[in-house]
Amino acid sequence: MKHNFGAGPGILPHEVLKQAAEAVIDFNGTGLSLLEISHRSPEFEAVLNEAVSLVKELFSVPEGYSVLFLQGGASTQFALAPYNLLPEGGKVAYLETGVWANKALKEAKFFGDVEIVATSKESNFTYIPKDYTVPADAAYFHITSNNTIYGTQLHQFPKSPVPVVCDMSSDIFSRTVNVADFGLIYAGAQKNMGPAGVTLVIVKDDLLGKTGRKIPAMFNYQVQIEGGSMYNTPPCFAIYVSMLTLKWLKAKGGVPAIEVENDAKAKVLYDAIDSNPLFKAVAAPEDRSHMNVCFVAENPEHEKPFLKLCDEKGIVGLKGHRSVGGFRASIYNALPIASVNVLIEAMNEFAEKN
Ligand SMILES: Cc1ncc(COP(=O)(O)O)c(C=O)c1O
């Protein structure tokens, strides 16, 4: 058995993978593969409806918000957020907490003025800036809730005089959030929600239709809402596997229950890093991510032999992103605490030998 610490596409629950594999051959006893049925069939419509209901239930989505399953990844949402929410001639505010936040704000510059309210670029994004003011004349304030590459996370969401737009790609459904505090939430599915190929969008309806610009259909949230995420052929399989993953999460007790598990996994792992003389965590302690635990070897020469030991123990996906180096243990919802314990044992064993 492998212990999958990969940052994304990330680990999915084994039982979800088994069900998905069965559906590829024979979907719910229909004698047809899920891959060869119409997206307009009652069978697939039931899948999509259930996926939407599960999102609403697991995240307690209030009235006045729409849930969409779109294509193009979170990177497409970097552009669609300003396309749909930033009025002609207006401005938006961004918190720059990493490469993804930077890519998001670059896309917004195609549509209007962008004010970067704060950045932690000077420290290679090892912390979340906290001292800043969000301009009241911005159309929205964009944040990235979890910075996958640097292992930092916003543990408190900022108070903002304008609607908050949040990229939750790498911590969606890992902790409770109050959806009413956001104007728009988006997330590529491939870390905590399902496979690559589908992107979740939760948007507050009354923010739409105010830009004064024409928006092509596929990029227009309103059109996608009216089409029930089926303006064109949706990513049926990715939606199905996401639905199974959300069902798995619900059976585990939902978001509050997984949050307790995630906090426990993060705590034992950070404690093990802090108490091991050979390793050092990268992020500022108060901003440490509960999803991506980034750490380095105090002696860079230990990096390769430690990865080799991990490989022998079936630990995969631990190499850090090239812009940070070292190691990154992604401990998403589906990763069992037993895998975290195997990593901790490997670290202890390595420290004893070195
Ligand atoms: C926080 C964050 N935002 C955006 C992205 C980009 O997502 P996608 O590949 O779905 O465009 C990633 C990918 O890792 C991410 O971690």
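This is a predicted model, so every value here is computed, not measured. Remember, it's 1-based here, ligands and their atoms both numbered in the order they're listed.
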Worksheet item: For ligand 1, what is the set of protein residues having any non-hydrogen atom at a distance below 4.0 Å?
Response: Gly73, Ala74, Ser75, Phe78, Trp100, Thr144, Asn146, Thr148, Asp167, Ser169, Ser170, Gln190, Lys191
Worksheet item: Hey, would you say the Phe157 and Phe182 ring centroids sit under 6.0 Å apart?
Response: yes
Fill in: Centroid separation Phe327 to Phe306 less than 6.0 Å
yes
Worksheet item: Does the side chain of Thr97 come under 3.5 Å of the side chain of Asn147 through a donor N or O and an acceptor N or O?
Response: yes
Worksheet item: How long is the gap from NZ on Lys121 to CG on Asn102, to the nearest 0.5 Å?
Response: 6.0 Å
Discussion item. With no hydrogens and no angle check, just 3.5 Å: does a side-chain donor-acceptor pair link Asn192 and Asp171?
Written reply: no
Item to complete: Compute the ring centroids of Tyr150 and Tyr127, then answer whether they are less than 6.0 Å apart.
Response: no
